Amino acid sequence: QVQLAESGGGSVQAGGSLTLSCTPSGDTLPTHCMAWFRQAPGKEREGVAAIFTPNGLPRLADSVKGRFTISRDYATTTLSLQMNNLKPEDTAIYYCALHTSLCGSEWSASNRYYYWGQGTQVTVSS
């Protein structure tokens, strides 16, 4: 059984920064795919960022490229999302997700992920 614990959400003004963290517990391996998703009110859940395994290359949604950075601490297995220059359209509940296969081109397909965190709210005001 895997559990994902998220932290770091909050409220900021446009242009501000936040860092989200996700720490898994249970039977996880560095090769397991971990990603960040978000869901705004009335919208579908969308993939924000992931780190491909096993090569460790980051993959970001076009809407956040140049503003968000994803990283993974393999010693602690913590996944982080550094969000800079936040915009009101970034307002959403952000979820950490994990599946036990390698991370590849289908990283943004939410139905591939079996384990989900509880979500953390990010609110960006203009």
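Every value quoted in this text rests on a predicted model; they were computed, and no experiment measured them.
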### Message
Let me check something: do L20 and L4 share a hydrophobic cluster, defined by ILVMFWY side-chain heavy atoms less than 4.5 Å apart, either directly or through other members?
### Response
yes
### Task
Dump the intermediate steps for side chain to side chain contact (heavy atoms under 4.5 Å, CB included) on S110 and W116, then the final yes or no.
CA-CA 10 Å; S110 60; W116 292 85; 3.9 Å; yes
### Pair H99-H32, side chain to side chain contact (heavy atoms under 4.5 Å, CB included): steps then yes or no
CA-CA 6 Å; H99 69 70; H32 290 166; over 6 Å; no
### Query
Sequence neighbours excluded, which residues qualify as salt bridge (charged side-chain N to carboxylate O under 4.0 Å, His left out) partners of D62?
K65
### Query
Are W107 and L81 connected in the hydrophobic side-chain network, where two residues link if heavy atoms are under 4.5 Å apart?
no
### Summary
Quick note, side-chain hydrogen bond (donor to acceptor under 3.5 Å, both in side chains) partners involving residues 3-18, not counting sequence neighbours, are S17-N84
### Side chains of L79 and W36 in contact at under 4.5 Å (non-hydrogen atoms)
yes
### Message
Please tell me whether T77 and T28 have a donor and an acceptor in their side chains that are separated by less than 3.5 angstrom.
### Response
no
### Same cluster (ILVMFWY, side-chain, under 4.5 Å), V64 and I70
yes
### Query
Side-chain donor-acceptor pair under 3.5 Å between Q121 and T123, yes or no?
yes
### Query
With side chains defined as the heavy atoms from C-beta onward, is the minimum distance between Y115 and C96 less than 4.5 Å?
no
### Task
Would you please indicate yes or no on a ring centroid separation below 6.0 angstrom for Y113 and F37?
yes
### Summary
Contacts satisfying disulfide bond (SG atoms under 2.5 Å apart) that involve residues 40-89 (not counting sequence neighbours) are none
### Query
Going only through I, L, V, M, F, W and Y residues with side-chain contacts under 4.5 Å, is there a path from M34 to L102?
no
### Task
Locate the shortest heavy-atom distance separating S125 from P88; write the atom from each residue and the value.
C-CG, 4.5 Å
### Query
If you look only at pairs with a residue in residues 34-67, which of them pass as a disulfide bond (SG atoms under 2.5 Å apart), with sequence neighbours excluded?
none
### Query
Can you check side chain to side chain contact (heavy atoms under 4.5 Å, CB included) on T120 and I93, steps first, answer last?
CA-CA 5 Å; T120 185; I93 298 175; 6.0 Å; no
### Message
Would M83 and V122 count as a side chain to side chain contact (heavy atoms under 4.5 Å, CB included) here? Give the steps.
### Response
CA-CA 10 Å; M83 305 184 294; V122 172; 3.9 Å; yes
Can I get a per-line list of side-chain donor-acceptor pairs under 3.5 Å for residues 45-59, giving both atom names and the distance, sequence neighbours left out?
from	atom 1	to	atom 2	distance (Å)
R45	NE	Q39	OE1	3.3
R45	NH2	Q39	OE1	3.3
E46	OE2	R38	NE	2.6
E46	OE2	R38	NH2	3.2
T53	OG1	T31	O	2.9
T53	OG1	C103	N	2.7
N55	OD1	L57	N	3.0

### Task
Taking side-chain hydrogen bond (donor to acceptor under 3.5 Å, both in side chains) as the test, write out the residues that go with Q118, two or more places apart.
none
### Message
Do Q82 and S71 make a side-chain contact, defined as non-hydrogen atoms from C-beta onward lying under 4.5 Å apart?
### Response
no
